[in-house]
Amino acid sequence: MITGALAAALTPLRDDGASLDEDAFGPYVDFLAKGGLDGVLALGTTGEGILLSVDERRRATELFVAAAAAGRLQVAAHCGAQSTADTIALVEHAAAAGVDAVAVIGPPYFRLDDEALYEHFRLAAAACVPTPFYLYEFEATSGYPIPIGVVERLREAAPNLAGLKVSDSPFEKVRPYLIEGLDVFIGAEALLAAGLDAGAAGAVSGLAAAFPREVAEVVREPTAEGAGKLGELRASIERFPRHAALKVVVGSKGVPLREDVRAPLRPLAEAELAELLTWLE
C-alpha cells in the first residue's frame, strides 16, 4: 500500500525527447527523496507515459524501481494505455519489476460504457495480483469520469483494489470517490487540505515533481492556507508548457534533468524560458 506524499514524477528524456535519459533517473529520484516525499508515481500524466512506447515504459519503470531501491521511496507505476492488451502487458511487467503499486487510467479517446470500462479495469487488476491496484480518475485527461458503480463492482471483483488517485476539481467532483475502505490520493494541490480533512490518504502531485518539499510539508501539516499557496504555485507553472517548465525548475536546482519532452508536447520558447528563470530567481 502506498502512503503519504508522492510526486507524479517527470520522466527524464534526451535527444529532443526521442529517448530516455537513463543517467538522469538516479539523481532525479535522489532529489525527490531529499525533498521529503514518500514515493513517486512513474509514467503518469506528468511523466508523459501515454506518449512513450510500451518498451520505453517498461524500461523507465525498471529505472525508477532501481533508483528508489533500499526502501527510500515507494514506487507506483501508471500502466494505463489505449488498449487493454497494452495495459495488461505494462501491469504484468510493473508487478514483476517490483513496484509497490500499479495505477491505471481509463483509456482516452473512446468514451467507454460502464461494462467495457469495468472489464478493462478488472483484467488490469487481475494481471498484477497481489500488487495493490489503484484506479486513476482524471476526467479532464481521459475524457470521462469513472462511474461510482464501476468502482463498487471492482471492489467485489478485484481483491487487490486498494484505492484511487483522483485528480479532478473542484472538490465536489472528488468527494464521491472518498469511499470507505479505499485509499484516495488527491491530485489537485489546492484541494489537499479539503481532501485530507475529508479522509483522503495522501497526495500524488505533479507539482511535487519539481517542488517536493513544498508539497510534502502541506501533506504532513495540511492547512487551507498551505493548500492555497500550492494552488498559486501551480497557476504560476501553468502559464508555461507545464512539462517542460517543471523540468527547467528541477534543472535549476542542480539536478541533471534536461528540458526535453516528447512531441507533441513542446519545449519552452526562448522568451518563456527567460520569463520562467526570472520568476525562479
Side-chain angles (χ1 to χ4, degrees), residues 1-12 24-49 57-80 90-105 124-125 127-138 158-167 181-187 189 192 195-196 199-222 246 250 255:
M1 300 284 286
I2 55 175
T3 58
L6 288 79
L10 297 159
T11 300
F25 280 78
Y28 177 50
V29 170
D30 287 343
F31 162 74
L32 296 175
K34 290 174 182 176
L37 295 174
D38 299 298
V40 299
L41 171 68
L43 300 163
T45 305
T46 305
E48 304 171 66
R57 293 175 71 173
R58 287 175 171 145
R59 179 58 180 155
T61 297
E62 294 166 0
L63 290 166
F64 273 113
V65 169
R72 291 189 311 147
L73 288 177
Q74 307 161 72
V75 177
H78 172 244
C79 299
L90 289 165
V91 166
E92 290 176 338
H93 172 268
V99 299
D100 298 289
V102 165
V104 170
I105 198 169
C128 66
V129 172
T131 302
F133 180 83
Y134 292 80
L135 300 171
Y136 181 9
E137 160 58 27
F138 195 2
N160 58 329
L161 177 63
L164 305 90
K165 179 198 174 184
V166 181
S167 293
L182 293 177
D183 286 347
V184 170
F185 290 81
I186 303 296
E189 296 85 7
L192 276 178
L196 292 167
V204 177
S205 159
L207 201 60
F211 300 95
R213 192 169 304 280
E214 291 84 343
V215 174
E217 288 175 353
V218 174
V219 173
R220 285 167 178 59
E221 297 184 15
L246 289 171
V250 174
V255 182

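Keep in mind the model is a prediction, meaning the values are calculated, not measured.
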Partners meeting side-chain contact (heavy atoms from CB on, under 4.5 Å) with [X] (sequence neighbours left out):
| X | value |
| --- | --- |
| A103 | L41, Y134 |
| A67 | V29 |
| L6 | I2, F185, V204 |
| N160 | A125, C128, V129, F133, A158 |

Closest contact, heavy atoms only, [X] versus [Y]:
| X | Y | answer |
| --- | --- | --- |
| M1 | A162 | SD-CB, 3.5 Å |
| A209 | T46 | CB-CG2, 4.3 Å |
| A24 | P12 | CB-CB, 3.7 Å |
| V104 | G80 | CG1-CA, 3.9 Å |
| A208 | L37 | O-CD1, 4.0 Å |
| L10 | F64 | O-CZ, 3.4 Å |

Exercise. If you look only at pairs with a residue in residues 39-48, which of them pass as a salt bridge (charged side-chain N to carboxylate O under 4.0 Å, His left out), with sequence neighbours excluded?
Worked result: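 Checked against salt bridge (charged side-chain N to carboxylate O under 4.0 Å, His left out) - neighbours excluded - the pairs reaching residues 39-48 are E48-K247.
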
For this session: Provide the full list of salt bridge (charged side-chain N to carboxylate O under 4.0 Å, His left out) pairs with a residue in residues 26-46, sequence neighbours left out, each pair given once.
Result: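 Applying salt bridge (charged side-chain N to carboxylate O under 4.0 Å, His left out) to every pair that reaches into residues 26-46, excluding sequence neighbours, yields D30-R72, D38-R220.
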
Problem set entry | Rounded distance (nearest 0.5 Å) linking atom CD1 of I186 with atom CG of L192 |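 Reported to 0.5 Å precision, the distance equals 7.0 Å.
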
Exercise. CG of L43 to OG1 of T11: how many Å apart, nearest 0.5 Å?
Worked result: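 L43 atom CG to T11 atom OG1 measures 4.5 Å (nearest 0.5 Å).
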
Problem set entry | Check: D100 side chain, A76 main-chain N or O, donor-acceptor pair, under 3.5 Å |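 It does not hold such a pair.
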
Exercise. Who are the ring pair (Phe, Tyr, Trp, His ring centres under 6.0 Å) partners of F211, not counting sequence neighbours?
Worked result: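 Result, ring pair (Phe, Tyr, Trp, His ring centres under 6.0 Å) vs F211: none returned.
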
For this session: Sequence neighbours left out, what passes ring pair (Phe, Tyr, Trp, His ring centres under 6.0 Å) with Y136? Give chain and number order.
Result: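 Partners of Y136 by the ring pair (Phe, Tyr, Trp, His ring centres under 6.0 Å) criterion, ordered by chain and then number, come out as H78.
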
Exercise. Taking only residues at least two apart or on different chains, which pairs with a member in residues 200-215 satisfy side chain to side chain donor-acceptor pair (under 3.5 Å)?
Worked result: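 Qualifying pairs, neighbours excluded: E189-S205.
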
Exercise. Considering residues at least two apart in sequence or located in another chain, which fulfil the side chain to side chain donor-acceptor pair (under 3.5 Å) criterion with T61?
Worked result: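 Checked T61 against side chain to side chain donor-acceptor pair (under 3.5 Å); zero matches.
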
For residues 90-98, please give each side-chain donor-acceptor pair under 3.5 Å, one per line with the distance, not counting sequence neighbours.
from, atom 1, to, atom 2, distance (Å)
H93, NE2, E62, OE2, 2.8

